[in-house]
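Below: the structure, in C-alpha cells.
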Amino acid sequence: MSGGETSSSSSVVPLEGLHDVEDYIWANDGEQSLSWDRFGHVIDLVQNGNLAFRENRFGEAINCYSRANNVKPGDPVILGNRSAAYSRISQFLKQRPASASEYKPLSGLDPTIHAELALKDAEKVMTLRSNFVNPYILKASALILLEKYELARDVILSGLQVDPFSNPLRASLQNLETMAANTLKRTLGKPERSDEFDCTLCLKLLYEPVTTPCGHSFCRSCLFQSMDRGNKCPLCRTVLFISPRTCSVSVTLNNIIQKNFPEEYAERKSEHSSLTNFGVDLIPLFVMDVVIPCQKFPLHIFEPRYRLMVRRIMEGNHRMGMVILDSHTGLIVDFACEVEITECEPLPDGRFYLEVESRRRFRILRSWDQDGYRVAEVEWVHDDSPKKRTELQEITNNAAEYAQSWLRRAKDAASQDRRRLERLLNVEAMMPTPLDPERFSFWLVTLSERRPHERLELLRMRDTEERIKRGLVYLRAAEQGCSVQ
C-alpha cells in the first residue's frame with residue numbers, strides 16, 4: 001500500500017514520531033544471540049522492510065517484519081518497526097476521503113484492526129524497553145488511532161517522565177489538548193427512544209453502529225455479516241465501494257445510545273459478549289486439518305461463515321479449534337487442537353490472512369451449529385503422569401540433544417533451499433524447554449512431515465515417552481530418506 005495520498009479530514013489527531021523506523025544492528029547479547037545464518041536472514045528481512053516503509057509501501061514492510069519476527073520472536077526493533085507500519089496504514093485509511101473509494105476502493109482494509117495490531121506490538125516493545133521513549137510514542141499513536149484519547153494522554157505523560165524534552169511526545173500532547181478544546185460543546189437534550197436508534201437488520205438497539213457512505217446505520221456485526229455475501233447496502237442496495245471493515249464505529253452515535261439508553265445498551269453488550277467470549281469449555285471450530293501443539297502456520301479465511309467466526313474470535317480471546325472430518329463418516333473427529341490467532345490481516349477482497357500458533361489439545365464432548373459454523377463443548381486433555389519422572393526427563397534431555405544436532409545437519413543441507421531453511425528456522429523458534437516433556441514431545445514430531453491420521457493418533461496418545469520415541473524414529477527415517485507408516 002502506498003501512503004502518498006493526502007487527506008481532507010481534519011478530525012483525526014496528527015501522529016508524531018512515526019516518519020522513520022529503526023535499523024537492525026547486531027547486538028552481542030550472550031546466549032540470546034542469533035546464529036549467523038539466522039541473523040543474516042533476519043537482517044535481510046528487516047532491511048527490506050525498512051526500505052519498503054521509507055517508500056510508503058507499508059503492507060510490504062509489515063510482511064517483511066512479520067517474517068523476521070517468526071525467526072526471532074520478541075525482538076524490540078522488529079516489533080517497533082512493525083507497530084509503526086501498522087499505525088501508518090491505519091492513519092492513511094482514517095484520513096482517506098470517502099470520495100476516493102469511488103475511483104480506488106480498498107475494500108478489505110480496516111483502520112481499527114491495524115491500530116489494534118500496532119498497539120499489541122507497541123505494548124510488547126514497552127515491556128522490553130520501558131526506559132526508552134520510542135515505545136511510548138508507538139503506544140500513544142496506536143491509542144490515538146483507536147480514539148482512546150485519555151489513555152493516550154496517560155501514556156504520553158509517562159513517556160515525558162522518561163524524556164521530558166521529547167519533541168514527538170510534546171507535540172502529541174499539544175495535539176490532544178487542542179482536540180479536547182474543540183470538542184467541549186456537548187448536547188444537553190436527551191432523545192426519546194424510537195426506532196431511529198434501531199438496526200434495520202436485527203431490529204434491535206444499534207450496537208457499535210457503523211454508518212455507510214449512503215447514510216444508513218447498522219450494527220457493526222450485522223453489516224459485516226451482510227457484506228460477506230455482497231457489496232451492497234442492505235437497505236437501499238447502493239453499491240458500497242468500501243468494505244464495512246474500513247468503517248469505524250460512529251463515536252458520536254455510539255455515545256448518544258450508551259448515555260441515553262444505558263439499560264438496553266447493557267443488554268445488547270451482554271448479548272454480543274456471549275457470541276465473542278465462549279467460556280472455558282466452549283470453543284468455535286475451524287474444520288480443515290489435524291494440527292498438534294507447537295506448530296505455527298498461515299491460514300486464508302474466505303468462506304462467509306468463517307469470516308464471521310474470525311471477527312467474533314478477534315473480539316474475544318483470539319482462539320479457536322482446528323479439527324478434521326472423518327473420511328468414513330463425514331463427521332468431525334473426537335480429538336482436536338486449540339490454536340491462537342497471533343496475526344490477523346484483512347485482505348482487499350474480504351478474506352482474512354491469519355498467523356496461528358497451536359496450543360492445547362482437547363476432546364470434543366458435543367458440537368452444534370451457530371450461525372453457520374461449529375461450536376463445541378470440550379474437555380482439555382493431558383498425558384498420564386509418568387511413573388518414573390527422572391527417567392522421562394533423561395529421555396527428554398537426550399531427545400533434545402539429538403533434535404538440535406539433527407536440526408544443524410538439516411539446516412546445512414538446506415543452505416541453498418531458502419524456503420526449506422526458513423521452515424526449519426521457524427520450527428526451531430517454536431522449540432519448548434525440555435523441562436516440559438509433554439509439550440516437547442509434540443514439538444519433536446513437528447520436525448518431520450506426518451499424515452493427518454498419524455497426527456490424530458499423536459493427539460489421542462497420552463504417553464509422553466512413547467510420543468518422544470516415535471518422534472525420534474521419524475527423525476531417523478527422514479535423515480535416511482525413507483518414510484515411516
Side-chain angles (χ1 to χ4, degrees), residues 24 26 31-52 57 59-75 77-78 81-82 288-300 322 339 342-343 345 347 353-358 399-432 434 440-455 458 468 470-485:
Y24 193 86
W26 173 266
E31 295 181 356
Q32 298 301 317
S33 294
L34 293 172
S35 59
W36 281 107
D37 56 346
R38 294 179 69 189
F39 168 70
H41 188 46
V42 168
I43 199 168
D44 286 345
L45 289 171
V46 176
Q47 286 177 344
N48 290 337
N50 289 355
L51 178 62
R57 293 179 282 113
E60 183 179 336
I62 288 171
N63 179 266
C64 291
Y65 297 143
S66 296
R67 291 172 62 192
N69 185 61
N70 287 339
V71 180
K72 191 174 190 296
D75 184 278
V77 173
I78 297 171
N81 289 359
R82 188 170 67 175
M288 189 187 76
D289 198 2
V290 182
V291 300
I292 56 179
C294 297
Q295 289 185 287
K296 179 190 291 186
F297 50 92
L299 286 176
H300 285 90
M322 290 280 289
V339 300
T342 56
E343 303 291 342
E345 182 180 353
L347 300 177
Y353 173 79
L354 308 180
E355 289 281 350
V356 301
E357 294 185 14
S358 50
E401 291 181 8
Y402 180 80
Q404 288 172 330
S405 64
W406 185 92
L407 271 171
R408 285 194 294 270
R409 293 191 296 273
K411 288 190 294 184
D412 289 341
S415 59
Q416 302 303 317
D417 186 342
R418 199 68 172 180
R419 288 185 176 274
R420 174 164 170 73
L421 178 60
E422 187 170 338
R423 177 191 174 277
L424 290 169
L425 294 174
N426 290 340
V427 173
E428 184 179 27
M430 293 292 292
M431 180 179 179
F440 175 83
S441 69
F442 279 110
W443 174 82
L444 187 65
V445 296
T446 66
L447 288 172
S448 59
E449 299 285 348
R450 310 317 313 161
R451 295 178 181 177
H453 74 273
E454 294 175 305
R455 297 196 296 272
L458 291 164
I468 290 176
R470 289 202 187 186
L472 292 173
V473 170
Y474 295 152
L475 290 187
R476 294 186 181 110
E479 196 162 36
Q480 294 169 6
C482 58
S483 62
V484 177
Q485 302 298 326

>> What verdict does the side chain to side chain contact (heavy atoms under 4.5 Å, CB included) test give for Leu299 and Met322, after you've listed the backbone C-alpha separation in whole Å, the side-chain angles of each residue and the deciding distance to 0.1 Å?
In response: CA-CA 11 Å; Leu299 286 176; Met322 290 280 289; 4.2 Å; yes
>> Test side chain to side chain contact (heavy atoms under 4.5 Å, CB included) on Val445 and Tyr474; report intermediate values, then the result.
In response: CA-CA 7 Å; Val445 296; Tyr474 295 152; 4.3 Å; yes
Which pair of non-hydrogen atoms, one from [X] and one from [Y], has the smallest distance, and what is that distance?
X: Tyr65; Y: Ile78; answer: O-CG2, 3.3 Å
X: Ile468; Y: Ser441; answer: CG1-CB, 3.5 Å
X: Ala61; Y: Gly49; answer: CB-O, 3.3 Å
X: Pro432; Y: Phe440; answer: CG-CA, 3.6 Å
X: Ala68; Y: Leu45; answer: N-CD1, 3.5 Å
X: Ser358; Y: Cys294; answer: OG-N, 3.2 Å

> Is there a donor-acceptor pair closer than 3.5 Å between any side-chain N or O of Ser415 and the backbone N or O of Asp412?
Replying inline: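 Such a contact is found between Ser415 side chain and Asp412 backbone.
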> Can you name the residues that form a salt bridge (charged side-chain N to carboxylate O under 4.0 Å, His left out) with Arg67, not counting sequence neighbours?
Replying inline: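 Salt bridge (charged side-chain N to carboxylate O under 4.0 Å, His left out) list for Arg67, sorted by chain: Glu422.
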>> Could you work out, with salt bridge (charged side-chain N to carboxylate O under 4.0 Å, His left out) as the rule, every residue matching Asp289, not counting sequence neighbours?
In response: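 With sequence neighbours excluded, Asp289 shows a salt bridge (charged side-chain N to carboxylate O under 4.0 Å, His left out) to Arg455, given in chain and number order.
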Gap separating the [atom1] atom of [X] from the [atom2] atom of [Y], nearest 0.5 angstrom:
X: Glu343; Y: Ile62; atom1: CD; atom2: CD1; value: 9.0 Å
X: Leu447; Y: Tyr402; atom1: CG; atom2: OH; value: 10.5 Å
X: Arg476; Y: Trp406; atom1: CZ; atom2: CH2; value: 12.5 Å

> Does the side chain to side chain contact (heavy atoms under 4.5 Å, CB included) test come out yes or no for Arg418 and His41, once each step is laid out?
Replying inline: CA-CA 10 Å; Arg418 199 68 172 180; His41 188 46; 3.0 Å; yes
>> Does any part of the side chain of Leu51, heavy atoms only, come nearer than 4.5 Å to the side chain of Arg57, both counted from C-beta?
In response: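 Touching, per the 4.5 Å side-chain cut-off.
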> Would you say Leu424 and Arg420 make side-chain contact, with heavy atoms under 4.5 Å?
Replying inline: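 In short, these two side chains touch, coming nearer than 4.5 Å.
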>> Going by side-chain contact (heavy atoms from CB on, under 4.5 Å), name the residues that satisfy it together with Arg419, two or more places apart in sequence or in a different chain.
In response: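 Testing Arg419 for side-chain contact (heavy atoms from CB on, under 4.5 Å), a comparison that skips the adjacent residues, returns Asp417.
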> Given Arg423, which of Val427, Leu425, Asn426, Leu421 fulfils the side-chain contact (heavy atoms from CB on, under 4.5 Å) condition?
Replying inline: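 It is Val427, the one option of Val427, Leu425, Asn426, Leu421 that forms the side-chain contact (heavy atoms from CB on, under 4.5 Å) with Arg423.
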>> Exactly one of Asn50, Asp75, Asn69 should register a side-chain hydrogen bond (donor to acceptor under 3.5 Å, both in side chains) with Asn81. Which one does?
In response: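 Going through the options one by one, the only one that passes is Asn50.
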> Got a salt bridge between Glu428 and Lys411, using NZ or NE/NH1/NH2 to carboxylate O under 4.0 Å?
Replying inline: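 Salt bridge: yes.
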>> Is there a side chain to side chain contact (heavy atoms under 4.5 Å, CB included) between Leu475 and Leu444? Walk through the geometry before answering.
In response: CA-CA 9 Å; Leu475 290 187; Leu444 187 65; 3.9 Å; yes
